[in-house]
J.: 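Here it is: the structure, laid out below.
Just the heavy atoms: all of them, side chains too, but no hydrogens, waters or symmetry mates, feed the values below.
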Amino acid sequence: MRVAAIGLLAGLLAGCATTGGGKPAASAPPPAALPGGSPEAEGEVKSTYRPWPGAATVVSNVTIYDGKGGRIDGGAVRFENGKVTAIGQTVDVAGATVIDGAGKWVTPGIIDIHSHLGDYPAPGVPAHSDGNEVTSPVRPEVWAIHSVWPQDPNFSRALAGGVTVLHVLPGSANLFGGRGVTLKNVYGRTAQDMMMPEAPWSLKMACGENPKRVYGSRNQMPGTRMGNVAMMRQTWANARDYQQRMKAAKGPQKRDLQMETLSGVLDGKILVQNHCYRADEMANIIQLSKEFGYKVTTFHHAVEGYKIADLLRENGICAAMWADWWGFKLESYDGIEENLPFMHASGGCAITHSDDADGIQRLNQETAKALSDGRKWGLQIKDEEAWTWIAINPAKALGIADKVGSLEPGKQADVVLWNGNPLSVYSRPEKVWIDGALMYDTNDPNRRPVSDFELGHPGAGDRK
């Protein structure tokens, strides 16, 4: 699968004026500020994503989960020019390719809010380990996009699982791990070819065992949980000081890439995605965020989220969770398999995430497992409501709910046709559209993307 070539052109010019004999000119004007001299770094890293061409399409006679908790039996959806244009019991079919989906389901594309694809690509070897900048516990200046390898074979495996959007984060070794990026799940020549236009940047933060283990083992701070919080507080205090200095400054200033990212958070332009397991630590982070005036958008993993579901709901914080991962380290020991449905039943924002190259291929099944566990304890959550955990809820948490996450007229046509109930272990995507372009078709080997890295390898793209 090839991406049309996109021309990129950049230039930087610098000059120096002197008089004859090497003496400086008496009244030489000050040099102009170089491009990038403002703290608007996110504006300098631009998406070059272009949707693939698609055709007007109607999928009819299907059961639809609309991604917001609604369901239409025997319904239809129409999309063209990259957008959903109609959804209901019937839609206009004029000029469209019509697919009869009798016995099948349609959903919006799955969104994985917590992925490391591209930063920890396959094959998993040390040369590909680019997700953790473990040189300091405070590394907000690094960006996950600069480690994304667009040839990672796992992108197409995730596409075959119905994933159309994924959020790639740095790892959790650091208190401040760097910026995360939202990608459309299409192969590109560059990582920027995959960047979702206008999606907000994020800042990955982490609390708990990981930072204190990594740096405490080096006999440096933080070596304890109180050290974690102290370093976070001081870093945010420094960021507040920097932000005020920049607002008061006249003329170009020396850039500080760490502080640019943190100022973006304080200004509300960059969303905090916070790795945190224990309930008490999530409460500590909420207090800290109020002290310095920023907002946590989502707690990731949130294994003890069920203990403070009301606190998360009251503060408008989503919880991105596994269906049943727990006990693999002490801070994850008190997890329960009903975590996701309990969060949903409390009125909170529940999200199923993967954090895993295999799990991202089966987020529909992970959601089904959690739904089943909740029902065993009397939580009668409808199937179509559970689908919000991998649709509109992660879209909200990523600041892209106006673009994706549900099947509504005007939204991007990220659509999946399933060969059966998507919450069944026996079902799989039959077709996947991204921005209205058919990117995967289980019945057409030519519609199963293969990365350049896989070409020529046995079983390339799992086409058999």
Side-chain angles (χ1 to χ4, degrees), residues 41-47 49 111-121 129-134 137-150 152 154-155 158 163-185 191-192 194-207 210-211 232 257-258 260-276 285 289 294-302 317-321 351 353-357 359-360 393-401 403-405:
E42 55 271 18
E44 301 301 324
V45 181
K46 302 183 190 312
S47 168
Y49 171 77
I111 301 172
D112 189 3
I113 194 174
H114 191 121
S115 175
H116 299 294
L117 297 194
D119 276 13
Y120 288 108
S129 181
D130 291 313
N132 273 310
E133 182 58 42
V134 287
V138 179
R139 282 296 180 215
E141 73 268 39
V142 303
W143 301 39
I145 187 66
H146 295 139
S147 281
V148 169
W149 186 44
D152 184 357
N154 285 319
F155 286 123
V163 175
T164 56
V165 173
L166 61 155
H167 187 63
V168 177
L169 291 159
S172 54
N174 299 330
L175 299 173
F176 296 82
R179 296 201 194 199
V181 63
T182 301
L183 306 178
K184 283 284 195 167
N185 193 13
Q192 288 74 23
M194 304 174 71
M195 284 174 58
M196 183 175 180
E198 300 179 358
W201 295 102
S202 70
L203 171 66
K204 170 69 176 293
M205 294 185 66
C207 59
N210 287 11
M232 284 189 271
L257 299 184
Q258 287 194 353
E260 285 182 14
T261 290
L262 299 179
S263 292
V265 173
L266 296 175
D267 289 338
K269 296 185 294 186
I270 298 175
L271 309 180
V272 172
Q273 308 290 345
N274 209 130
H275 161 117
C276 219
I285 296 298
S289 70
Y294 71 91
K295 176 175 173 53
V296 177
T297 303
T298 311
F299 281 118
H300 290 241
H301 312 327
I317 300 173
C318 294
M321 299 163 279
I351 298 169
H353 73 351
S354 77
D355 190 24
D356 181 71
I360 195 173
N393 286 0
K396 290 177 181 176
L398 293 174
I400 54 176
K403 300 174 180 64
V404 293

J.: Which atom pair, heavy atoms only, marks the closest approach of Gln273 to His167?
T.: CG-NE2, 4.1 Å
J.: Hey, mind stepping through Asp355 and His116 against side-chain contact (heavy atoms from CB on, under 4.5 Å) and telling me if it holds?
T.: CA-CA 7 Å; Asp355 190 24; His116 299 294; 3.0 Å; yes
J.: Would Met321 and Phe299 count as a side-chain contact (heavy atoms from CB on, under 4.5 Å) here? Give the steps.
T.: CA-CA 9 Å; Met321 299 163 279; Phe299 281 118; over 6 Å; no
J.: Please confirm whether His275 and His114 have ring centers closer than 6.0 angstrom.
T.: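 No, the ring of His275 stays outside the 6.0 Å limit from the ring of His114, centre to centre.
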J.: For Pro200, enumerate each residue passing the side-chain contact (heavy atoms from CB on, under 4.5 Å) test, keeping only those at least two apart in sequence or located in another chain.
T.: Leu271, Ile400
J.: Where is the tightest heavy-atom contact between Phe155 and Pro150, given as atom of each residue plus distance?
T.: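 In terms of heavy atoms, the two residues are closest at CD1-O, 3.9 Å.
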J.: Which atom pair, heavy atoms only, marks the closest approach of Gly359 to Ser354?
T.: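 In this case the closest contact between Gly359 and Ser354 is C-CB, 3.8 Å.
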J.: Compare every heavy atom of Ile113 with every heavy atom of Leu169, then report the nearest pair and how far apart it is.
T.: CD1-O, 3.9 Å
J.: How far does CG of Leu166 sit from CG of Leu398, to the nearest 0.5 angstrom?
T.: 10.0 Å
J.: How many angstroms lie between atom CE of Met195 and atom CH2 of Trp201, to the nearest 0.5 angstrom?
T.: 3.5 Å
J.: Can you tell me which residue among Leu203, Ile270, Val138 is in a side chain to side chain contact (heavy atoms under 4.5 Å, CB included) with Leu262?
T.: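 Filter result, single survivor: Leu203.
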J.: Applying side-chain contact (heavy atoms from CB on, under 4.5 Å), run through Val404 and Lys184 and close with a yes or a no.
T.: CA-CA 11 Å; Val404 293; Lys184 283 284 195 167; 4.0 Å; yes
J.: Could you walk me through whether Tyr120 and Asn132 pass the side-chain contact (heavy atoms from CB on, under 4.5 Å) test, one step at a time?
T.: CA-CA 10 Å; Tyr120 288 108; Asn132 273 310; 3.1 Å; yes
J.: Identify the heavy atoms of Ile360 and Leu117 that sit nearest to each other, and give their distance.
T.: CD1-CD1, 4.0 Å
J.: Would you compute the distance between atom CG of Asn274 and atom OG of Ser202 and round it to the nearest 0.5 angstrom?
T.: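 Those atoms lie 11.0 Å apart.
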J.: State, yes or no, whether a side-chain contact exists between Thr297 and Ile317 at a heavy-atom distance under 4.5 Å.
T.: no
J.: Is the His353 ring parallel, tilted or perpendicular to the His300 ring (thresholds 30°, 60°)?
T.: tilted
J.: Any side-chain heavy-atom pair from Arg139 and Glu141 closer than 4.5 angstrom?
T.: yes
J.: So how far is it from Lys269 NZ to Thr261 OG1, rounded to the nearest 0.5 Å?
T.: 10.5 Å
J.: What distance do Gln192 atom CD and Tyr49 atom OH have between them, rounded to the nearest 0.5 Å?
T.: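 Spacing of CD (Gln192) from OH (Tyr49) equals 15.0 Å.
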J.: I need the minimum non-hydrogen distance between Ala206 and Ser172, along with the two atoms involved.
T.: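 Closest heavy-atom pair between Ala206 and Ser172: CB-O, 3.7 Å.
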